[in-house]
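Worksheet: the structure to be examined is printed underneath.
Just so it is clear, the structure is predicted and the values come from calculations on it, not from any experiment. Heavy-atom basis, side chains included; hydrogens, waters and symmetry copies ignored. Here is how names work: the chains are called A, B, and so on, in the same order as the sequence lines, proteins then strands, and each is numbered from 1.
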There are 2 protein chains.
Amino acid sequence: MSKDTLPGLTLCNNAALRRAARKLGQFYDDVMAPSGLKATQQGLLYQIHIGDEPAMGAIAASLIMDLSALGHTLKPLIRDGYVETFADPADRRIKRVRLTPKGLVKLDEAMKLWQIAQQRFEDVAGKDKAERLRAALDEIAALDFDLPPAS
Amino acid sequence: MSKDTLPGLTLCNNAALRRAARKLGQFYDDVMAPSGLKATQQGLLYQIHIGDEPAMGAIAASLIMDLSALGHTLKPLIRDGYVETFADPADRRIKRVRLTPKGLVKLDEAMKLWQIAQQRFEDVAGKDKAERLRAALDEIAALDFDLPPAS
DNA sequence: GCGTGATGGTGGCATATGCCACTAAATGAA
DNA sequence: TTCATTTAGTGGCATATGCCACCATCACGC
């Protein structure tokens with residue numbers, strides 16, 4: 001294939017996804033900046049909030065995130081006093097996570113900004129299109145790429 | 001809004017996008033692992049390859065990536081001898097980037113793996129759906145979220 | 001030719017994510 | 001009970017990304 005006829009990176013599903021994620025991330029982060037939280041942090045606080053003192057593994061699974069990555073991401077939030085952890089009394093391997101009162105206040109503040117970003121996105125992209133997009137993304141998240149066992 | 005009725009994070013366009021990006025990134029990275037490149041690196045090498053000794057700023061713009069982020073990402077590729085940079089003779093502020101012969105060989109190797117990942121994704125997700133997804137993602141990447149000037 | 005401001009990159013710092021090796025704790029089989 | 005196995009997290013290391021302050025260059029008006 002000659003260089004002149006090579007397709008753009010738009011052809012790669014993964015590259016297109018990352019590119020869009022950078023774009024959208026920059027926008028959401030911008031809008032959320034006044035809260036001092038990144039959009040990822042707001043999402044994480046929210047995920048913790050809607051869970052019932054979720055275990056780290058459960059959060060990681062929901063977010064399709066590596067467990068250790070979650071641990072790292074949690075650190076600044078713990079350092080800043082938004083989140084605290086405690087061992088599950090029934091199984092001391094399990095570490096559960098919850099918001100502190102300060103974290104709850106911060107989440108409220110961040111959610112107001114999130115709504116602005118979300119609204120603006122839907123205004124610009126179209127509500128229907130946004131909904132279909134989220135559905136498509138959720139489908140991807142649910143896919144199973146494992147090759148069937150060679151049995 | 002009571003905690004019980006709070007919507008899942010599926011409602012946030014940005015969160016859904018990142019979640020899907022993690023999922024797909026893990027899959028592509030997995031398949032590309034034998035080459036020693038991450039999918040992001042393969043994408044970057046490819047972008048450099050299809051450009052005509054592109055300037056850093058031009059690459060960053062294509063990928064909707066921060067210029068400094070691009071600089072960071074490029075470092076391991078330069079260190080490993082896949083990429084080299086040189087100042088534009090006509091404007092010494094501009095730094096251009098190109099693949100080394102070694103980088104070209106590595107890109108070839110990585111592209112073969114990429115095709116496997118891409119093919120498998122399209123088999124699992126459906127070719128039409130993948131195409132529509134990429135189109136939607138490109139649209140997002142092209143959106144303009146700026147508020148119109150208050151003039 | 002001399003500022004002066006715009007342009008293109010770098011470096012430092014911080015978060016986002018992932019993999020791997022390792023530890024602690026629970027589970028289950030012998 | 002005892003020991004091998006599995007499960008849940010941690011810490012270290014590496015890449016991915018972004019923001020900001022700063023430096024070098026260029027373009028322009030005078």
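Sorted by residue number, the members of residues 81-93 of chain B with any non-hydrogen atom under 4.0 Å from DNA chain D read Asp91(B), Arg92(B), Arg93(B). Residues from residues 98-106 of chain A that place a heavy atom under 4.0 Å from any atom of DNA chain C: there are none.
No engagement by Gly71(B) is indicated, since no non-hydrogen atom pair under 4.0 Å with the nucleic acid exists.
Applying the salt bridge (Lys or Arg N to Asp or Glu O under 4.0 Å) criterion to Asp91(B), with sequence neighbours excluded, gives Arg93(B). Here Lys129(B) pairs with Glu139(A) under the salt bridge (Lys or Arg N to Asp or Glu O under 4.0 Å) rule; sequence neighbours left out. Among residues two or more places apart in sequence or in another chain, the side-chain contact (heavy atoms from CB on, under 4.5 Å) test is passed with Ala136(A) by Leu133(B). Qualifying side chain to side chain donor-acceptor pair (under 3.5 Å) partners for Asp123(B), counting only residues two or more places apart in sequence or in other chains: Gln119(B). Not counting sequence neighbours, the partners of Asp66(B) by the side-chain contact (heavy atoms from CB on, under 4.5 Å) test are Ser68(B), Ala69(B).
Screening residues 69-78 of chain B for side chain to side chain donor-acceptor pair (under 3.5 Å), with sequence neighbours left out, gives no hits. Sorted by first and then second residue, the salt bridge (Lys or Arg N to Asp or Glu O under 4.0 Å) pairs with a member in residues 79-89 of chain B read Glu84(B)-Arg98(B), Asp88(B)-Arg96(B); sequence neighbours excluded. Note on residues 102-111 of chain A: pairs passing salt bridge (Lys or Arg N to Asp or Glu O under 4.0 Å), not counting sequence neighbours, are Lys106(A)-Glu109(A).
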Name every donor-acceptor pair, under 3.5 Å, that has one atom in a side chain of residues 31-38 of chain A and the other anywhere in the protein, sequence neighbours excluded.
unit_1	atom_1	unit_2	atom_2	d
Ser35(A)	OG	Met32(A)	O	2.7
Ser35(A)	OG	Leu37(A)	N	3.1

Produce a footprint string for nucleotides 13-20 of chain C: one letter per nucleotide, 5' end first; B if the base is under 4.0 Å from any protein heavy atom, S if only the sugar-phosphate is, - if neither.
B-SSBBBB

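Side-chain N/O atoms of Gln42(B) and Tyr28(B) include no donor and acceptor closer than 3.5 Å.
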